[in-house]
Amino acid sequence: MPTIRLPQSAEPLLPFCRRSENAVDNVCFDTYADLVTFAASCGFHRFQGRRPDDPKEFVSGIYPIDLAVFKNQNLYPNLLLIGLGSEGTPDIARDEERLCRLVEAFADIGCKYLAHQLGAWTPARFHLELGSLLIAHSSINSQLSI
């Protein structure tokens, strides 16, 4: 089964995952799969669906995440929507390896953005600021659907 690797840009965000050895008190993500999905969605939004370059480096010491994990955690539909929205064709639904590489690319962009924002937000407020991002993006999306 295809896998998704964590881009190196995710390194400063790992303590916000419950699975991390150095988890902070205000964890935002239960699993690394949750982090990847959120970051890929953020990257998709920031790049307005245009495909970014593939990341060159990945976090060492964390195994690539099997695509089955995303399916079991009900995160796969989000990844599929990113792929369909970016490519504009249903072909990506039949090419899971290509979907995984696309998700890695968007996750890299999202992680870079979130890590940059983390510097401005301070770790103690990170989860609150993520919530504000979600609210801002969902209100933009609801305005577009009217």
Side-chain angles (χ1 to χ4, degrees), residues 1-20 22-24 26-67 69-71 73-123 125-145:
M1 169 125 341
T3 60
I4 296 177
R5 300 163 293 178
L6 272 83
Q8 186 64 43
S9 56
E11 191 88 45
L13 305 172
L14 296 181
F16 294 96
C17 291
R18 192 171 314 282
R19 304 285 171 135
S20 173
N22 302 318
V24 293
N26 58 329
V27 289
C28 304
F29 309 103
D30 279 335
T31 66
Y32 294 126
D34 290 315
L35 170 61
V36 168
T37 303
F38 185 86
S41 300
C42 184
F44 179 87
H45 178 77
R46 300 224 25 101
F47 260 51
Q48 299 176 348
R50 294 183 323 271
R51 189 189 199 319
D53 293 333
D54 290 337
K56 304 290 185 244
E57 296 181 45
F58 298 91
V59 175
S60 61
I62 296 177
Y63 292 109
I65 307 165
D66 197 294
L67 196 56
V69 171
F70 292 89
K71 291 178 179 181
Q73 292 183 10
N74 295 320
L75 297 170
Y76 184 74
N78 298 327
L79 304 184
L80 197 52
L81 286 173
I82 289 169
L84 293 169
S86 178
E87 298 220 345
T89 174
D91 295 343
I92 195 152
R94 291 184 292 279
D95 189 345
E96 291 181 337
E97 190 64 44
R98 191 168 87 214
L99 177 62
C100 288
R101 300 299 73 82
L102 182 67
V103 168
E104 287 174 353
F106 279 120
D108 184 42
I109 295 302
C111 285
K112 286 176 181 174
Y113 170 72
L114 293 171
H116 173 75
Q117 293 301 99
L118 178 59
W121 291 339
T122 74
R125 290 194 49 83
F126 188 66
H127 63 295
L128 300 173
E129 298 298 342
L130 286 183
S132 297
L133 267 180
L134 284 172
I135 291 167
H137 294 298
S138 64
S139 64
I140 289 170
N141 291 336
S142 66
Q143 290 173 2
L144 293 176
S145 64

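Because the structure is predicted, anything quoted here is derived from the model rather than measured.
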(request) To the nearest 0.5 angstrom, please state how far the CD atom of Glu11 sits from the OG atom of Ser60. (result) 7.0 Å

(request) Taking salt bridge (charged side-chain N to carboxylate O under 4.0 Å, His left out) as the test, write out the residues that go with Arg51, two or more places apart. (result) Asp54

(request) Search all heavy atoms of Pro52 against all heavy atoms of Phe47 and return the closest pair with its distance. (result) CB-CE2, 3.6 Å

(request) Check whether any side-chain N or O of Asp108 sits under 3.5 Å from a backbone N or O of Ala105 as a donor-acceptor pair, and report yes or no. (result) no

(message) Let me confirm one number: the NZ-CG distance from Lys112 to Leu13, rounded to the nearest 0.5 Å.
(response) 12.5 Å

(request) Compare every heavy atom of Leu35 with every heavy atom of Ala10, then report the nearest pair and how far apart it is. (result) CB-CD2, 4.4 Å

(request) Find the distance between CG (Leu99) and CG (Leu67) and round it off to the nearest 0.5 Å. (result) 6.5 Å

(request) Rounded to the nearest 0.5 Å, what's the gap from OG on Ser41 to CG on Leu79? Could you check? (result) 7.5 Å

(request) Report yes or no: do Asp34 and Thr31 form a side-chain donor-acceptor pair below 3.5 Å? (result) yes

(request) Name all residues meeting the salt bridge (charged side-chain N to carboxylate O under 4.0 Å, His left out) criterion together with Arg18; count only those two or more places apart in sequence or in a different chain, and write none if there are none. (result) Asp30

(message) As a quick check of understanding, evaluate side-chain contact (heavy atoms from CB on, under 4.5 Å) for Ile65 and Leu6, giving each step before the final call.
(response) CA-CA 8 Å; Ile65 307 165; Leu6 272 83; 3.7 Å; yes

(request) Test Phe38 against every option in Phe16, Phe44, Tyr113, Phe29 by the ring pair (Phe, Tyr, Trp, His ring centres under 6.0 Å) rule and name the one that passes. (result) Phe29

(request) Identify the two heavy atoms, one from Arg46 and one from Ile109, that lie closest to each other, and give their separation to 0.1 Å. (result) CB-CG2, 4.4 Å

(message) Please check: side-chain N/O of Ser86 versus main-chain N/O of Gly49, any donor-acceptor pairing under 3.5 Å?
(response) yes

(request) Compare every heavy atom of Pro15 with every heavy atom of Ser20, then report the nearest pair and how far apart it is. (result) OG-CA, 3.8 Å

(request) With rounding to the nearest 0.5 Å, note down the distance linking CZ in Arg19 to CD1 in Ile62. (result) 12.0 Å

(request) Start with the C-alpha distance between Leu84 and Ile92, add both sets of side-chain angles, then the distance that settles side-chain contact (heavy atoms from CB on, under 4.5 Å), and finish with yes or no. (result) CA-CA 7 Å; Leu84 293 169; Ile92 195 152; 4.0 Å; yes

(request) List the atom of Arg98, the atom of Asp91, and the distance in Å for their closest heavy-atom pair. (result) NH2-C, 3.7 Å

(message) Quick check: closest heavy atoms across Val69 and Ala33, and the distance to 0.1 Å?
(response) CG1-CB, 4.1 Å

(message) Given Glu104, which partner from the list Val36, Ile4, Thr3 fulfils the side chain to side chain contact (heavy atoms under 4.5 Å, CB included) test?
(response) Ile4

